[in-house]
Amino acid sequence: MTTILKLGTRRSLLAWAQSSWVAREVEKLNPGVRVELQGIETRGDRIQDVSLQSVDGKEFFVAELDHALRSKEVDFTVHSMKDLSLDRPEDFLCAAIPLRENPRDVILFGPRAISHAQSGRALKIGTSSPRRVENIPGFLKRAFPKIAATDSGRPQIDFVEIRGNVNTRLSRVHELSESPKYLDGVVLAFAGLIRLWNDPAGRAELSQLLQGIRWMVLPLKECPAAPAQGALAIECRARDEKVIALLRKMHDESSARRVAAERQLLADWGGGCHQRFGATAIDSPELGRVRFVRGVKSDGMQVDELNWQAPTHEVKTDEIRSWDGSLWRPSSMTSLEVKVEMENKSLFIAHSRAVESQNSTSFEQARVWTSGTASWYRLADRGIWVEGCAESMGFDLLESTLREPVLGLSGLGEWVVLTHEDARKEWELKGMRAVASYKVNSEYGNDAKTALKAAEFVFWSSGSQFDGLKGCVNSQVKHACGPGKTAAKLRESGIRVEVFPSAEEWRKWLKSIQ
């Protein structure tokens, strides 16, 4: 006998796509169950000409769904969890939080954004989020490719209040430049674009709207997302044990814990559509739970935090002799001749040094990604458009993002990696085409070696640095580095290493143990 469940959902293209996905998953996990979608129009869908910042009421997008659930018109509902307030009705239960999609924000720039920037015209970016307006400008001042049209080398950015469905907002970058609706770019949740692309109707719409688009996937340290962004909340009536049991099979506990860590800040600091801070937690294989927080709290205090479980160190000392490899560079580097066609290539630049001898115009048609924001900013200073980065957390953590079909990138086996000569084989072992564009001279000056010999704590900035200087460290030294290939290199060499998110976090840790 077939059990029929009614799922209440908003009627927008995105809401329907993510609810359809939930329906199919519930059916897959519960043979004999059929889920029927029931579209419900909410006040948030009807009122499109009012700023979210002026909205009165916490459940602007869910009140009508709640009524349908309470009156038993539907058996369960699906929400974007970031839209839900913390104090949900007691007669409802969040029965499941499925595996979370990529929580990041993206900016999608229209086909004319570059030419407008080059002409000195201010770029109009659409968003309704105070959090995005707080964090994104500072990032774009360094991440947008340098141009000659302004004194600062970067275009002026004007944020425009924008409402509407994802497809409606994205369509505005394709308006005529003179149209009052025209935007040079829109800020959107990456998760929504992923879900739309995975839905047949959503993909049919997006495939047209993404023509000529330039991507920027925003790094979490500089631009963390709204708490719970990318997560879905599946709610039902709290006493409906049969439905709870069916829905619970979709629950992903790891996603739920990360979301709880983010939403706790809303409980501590206040939030909603007016919040000016972002908070995103991720799980790193080498660092464990990492939570990025940035923006302005409700009391006006600036916050910029990276929360993670740092290593314990029992011994306190008044003086710590340390050596920070991020502050030392080898005595010289040699550029190598590169013969590779960059046009229409998916390209990973392992370090900005890899393009120091290259003509920047050769990257104009490439899909460029890089290792971290420091390299991103240096590449942008050379006028190179960068789409995203590994946030200095290691390439492995980036791979799932690069594989998202909505980005339209090449399969990893077709990528080109620009790196230094000694790292080429490591990339090739990952099945990627590695091109050595420079060679690192592993010789360091006597000052670096002398300081290293006296150090008790050492932070290695690369595997090649370790190879060049490992003979200068004493056997009792405490080794540290960032996540990724450097950590793997040290472990392969038999070194016990502590992994930190960055050299900056390592320096903070040293101060904490003094």
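Being a predicted model, the structure only gives us computed values, none of them experimental.
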Practice task
Report yes if the side chains of Leu108 and Val173 come closer than 4.5 Å at any heavy-atom pair, otherwise no.
Solution key: no

Handout entry: Other residues, nucleotides, ligands: >12 heavy atoms within 6.0 Å of Lys6 NZ
Key = no

Handout entry: Any donor-acceptor pair under 3.5 Å from Glu73 side chain to Leu69 backbone
Key = no

Practice task
Give the minimum heavy-atom separation between Val166 and Leu188, together with the two atoms involved.
Solution key: CG1-CD1, 4.1 Å

Exercise for the section: Can you establish whether the number of heavy atoms outside Lys242 located under 6.0 Å from its atom NZ is more than 12? Expected result: no

Handout entry: Test log, rule side chain to side chain contact (heavy atoms under 4.5 Å, CB included), inputs Lys72 and Arg237
Key = CA-CA 9 Å; Lys72 299 186 178 181; Arg237 291 179 291 277; 3.7 Å; yes

Fill in the blank from the handout: When rounded to the nearest 0.5 Å, the distance separating SG of Cys223 from CE of Met216 is 10.5 Å

Handout entry: Ser502 and Glu504 side chains, donor-acceptor separation under 3.5 Å
Key = no

Problem - Flag side-chain contact, heavy atom, 4.5 Å: Glu205 against Leu196 - result: no

Practice task
Measure the CZ-NZ distance between Arg154 and Lys141 for me, rounded to the nearest 0.5 Å.
Solution key: 11.5 Å

Exercise for the section: Check whether any side-chain N or O of Glu391 sits under 3.5 Å from a backbone N or O of Leu220 as a donor-acceptor pair, and report yes or no. Expected result: yes

Handout entry: Sidechain-backbone polar pair: Thr280 side chain, Phe292 backbone, donor-acceptor under 3.5 Å
Key = no

Exercise for the section: Report the C-alpha distance between Arg100 and Glu262 in whole Å, list the side-chain angles of each, state the deciding distance to 0.1 Å, and finish with yes or no for salt bridge (charged side-chain N to carboxylate O under 4.0 Å, His left out). Expected result: CA-CA 13 Å; Arg100 185 187 198 177; Glu262 297 165 15; 2.8 Å; yes

Problem - Ser352 (side chain) donor-acceptor with Ser375 (main chain) under 3.5 angstrom - result: no

Problem - Step-by-step side chain to side chain contact (heavy atoms under 4.5 Å, CB included) determination, Arg104 to Leu218 - result: CA-CA 6 Å; Arg104 292 167 178 79; Leu218 304 186; 5.9 Å; no

Exercise for the section: Could you give me the CA-CA distance, side-chain angles and deciding distance for Val78 and Trp21, then say whether side chain to side chain contact (heavy atoms under 4.5 Å, CB included) is met? Expected result: CA-CA 10 Å; Val78 175; Trp21 175 79; over 6 Å; no

Completion exercise
Given the options Asp184, Val133, Leu123, Ile136, Ile157 meets side-chain contact (heavy atoms from CB on, under 4.5 Å) only with Leu123

Practice task
Applying side-chain contact (heavy atoms from CB on, under 4.5 Å), name anything that partners Ile4, two or more places apart in sequence or on another chain.
Solution key: Thr2, Arg34, Glu36

Exercise for the section: Considering only NZ, NE, NH1 and NH2 on the basic side and carboxylate oxygens on the acidic side, decide whether Arg367 and Glu387 come within less than 4.0 Å. Expected result: yes

Fill in the blank from the handout: Heavy-atom closest pair (Tyr182 atom, Ala113 atom, distance to 0.1 Å) is OH-N, 4.3 Å

Handout entry: Side chains of Glu222 and Arg142 in contact at under 4.5 Å (non-hydrogen atoms)
Key = no

Exercise for the section: Side-chain contact test, heavy atoms from C-beta onward, threshold under 4.5 Å: evaluate it for Ile125 versus Arg132 and give yes or no. Expected result: no

Fill in the blank from the handout: Here the gap from Ile234 atom CD1 to Phe76 atom CZ, rounded to the nearest 0.5 Å, amounts to 6.5 Å

Practice task
For Gln309, look at atom CD and say whether over 12 heavy atoms of other residues, nucleotides or ligands are found less than 6.0 Å away.
Solution key: no

Handout entry: Residue pair Asp83, Arg10: steps toward the side chain to side chain contact (heavy atoms under 4.5 Å, CB included) verdict
Key = CA-CA 12 Å; Asp83 293 335; Arg10 293 167 63 191; 4.1 Å; yes

Handout entry: Between Ser20 and Arg24: side-chain donor-acceptor atoms closer than 3.5 Å
Key = no

Problem - Arg507, CZ atom: more than 12 neighbouring heavy atoms under 6.0 Å - result: yes

Problem - Charged N-O contact under 4.0 Å between Asp396 and Lys430 - result: yes

Exercise for the section: Kindly assign one of parallel, tilted or perpendicular to the pair Phe144 and Phe109, based on the angle between their ring planes and the thresholds 30° and 60°. Expected result: perpendicular

Handout entry: Arg291 side chain to Ala261 backbone, donor-acceptor under 3.5 Å
Key = yes

Completion exercise
Residue set satisfying side-chain contact (heavy atoms from CB on, under 4.5 Å) with Val406, at least two apart, ordered chain then number -> Phe190, Leu193, Ile194, Trp197, Leu206, Leu210, Trp215, Glu404

Handout entry: Donor-acceptor under 3.5 Å (Ser19 side chain, Trp16 main chain)
Key = no

Completion exercise
Heavy-atom nearest pair, Trp376 first then Ala143, reads NE1-O, 3.2 Å

Handout entry: Interatomic distance, Ser255 atom OG to Met81 atom CE [nearest 0.5 angstrom]
Key = 10.5 Å

Exercise for the section: For the residue pair Trp427 and Phe395, categorise the inter-ring angle as parallel (less than 30°), tilted (30 to 60°) or perpendicular (more than 60°). Expected result: perpendicular

Exercise for the section: Could you give me the CA-CA distance, side-chain angles and deciding distance for Lys508 and Glu505, then say whether salt bridge (charged side-chain N to carboxylate O under 4.0 Å, His left out) is met? Expected result: CA-CA 5 Å; Lys508 290 180 182 178; Glu505 289 298 312; 3.4 Å; yes

Practice task
Identify the heavy atoms of Thr419 and Ala434 that sit nearest to each other, and give their distance.
Solution key: CG2-CB, 4.5 Å

Handout entry: Ser371 side-chain N/O to Ala390 backbone N/O, donor-acceptor pair under 3.5 Å
Key = no

Exercise for the section: Calculate, to the nearest 0.5 Å, the distance between atoms SG and CZ belonging to Cys236 and Arg248 respectively. Expected result: 10.0 Å

Exercise for the section: Salt-bridge test for Asp66 and Arg88: reply yes if a basic N is under 4.0 Å from a carboxylate O, no otherwise. Expected result: yes

Practice task
Consider only side-chain N and O atoms of Gln18 and Ser80, and report whether a donor and an acceptor are under 3.5 Å apart.
Solution key: yes

Handout entry: Ion pair check, Arg276 and Glu134, cut-off under 4.0 Å
Key = yes

Handout entry: Note, Ser85 side chain near Leu266 side chain (heavy atom, < 4.5 Å)
Key = no

Exercise for the section: Kindly compute the distance separating CD (Gln38) from CZ (Arg11), expressed to the nearest 0.5 Å. Expected result: 8.5 Å

Exercise for the section: Might you point out which heavy atoms bring His174 and Leu209 nearest each other, and give the distance in Å? Expected result: NE2-O, 2.7 Å

Practice task
Would you confirm whether Ser298, through its side chain, and Trp269, through its main-chain N or O, come within 3.5 Å as a donor-acceptor pair?
Solution key: yes

Practice task
Please examine the side chains of Asn30 and Thr3, heavy atoms only from C-beta on, and report whether any two atoms are closer than 4.5 Å.
Solution key: no

Exercise for the section: Before accepting this row, confirm whether a basic side-chain N of the pair Arg258/Asp283 lies closer than 4.0 Å to the acidic partner's carboxylate O. Expected result: yes

Exercise for the section: Assess whether salt bridge (charged side-chain N to carboxylate O under 4.0 Å, His left out) is satisfied between Asp304 and Arg294, documenting all intermediate values. Expected result: CA-CA 4 Å; Asp304 187 358; Arg294 195 167 190 269; 3.5 Å; yes

Problem - Residue pair Leu287 / Pro483: nearest heavy atoms and the distance that separates them - result: CD1-CG, 4.1 Å

Exercise for the section: Give me the ring orientation class for Trp506 and Phe459: parallel if the planes are under 30° apart, tilted from 30 to 60°, perpendicular past 60°. Expected result: tilted

Problem - Side chain Glu414, main chain Ser346, donor-acceptor under 3.5 Å - result: no

Handout entry: Ser12 side-chain N/O to Asn165 backbone N/O, donor-acceptor pair under 3.5 Å
Key = no

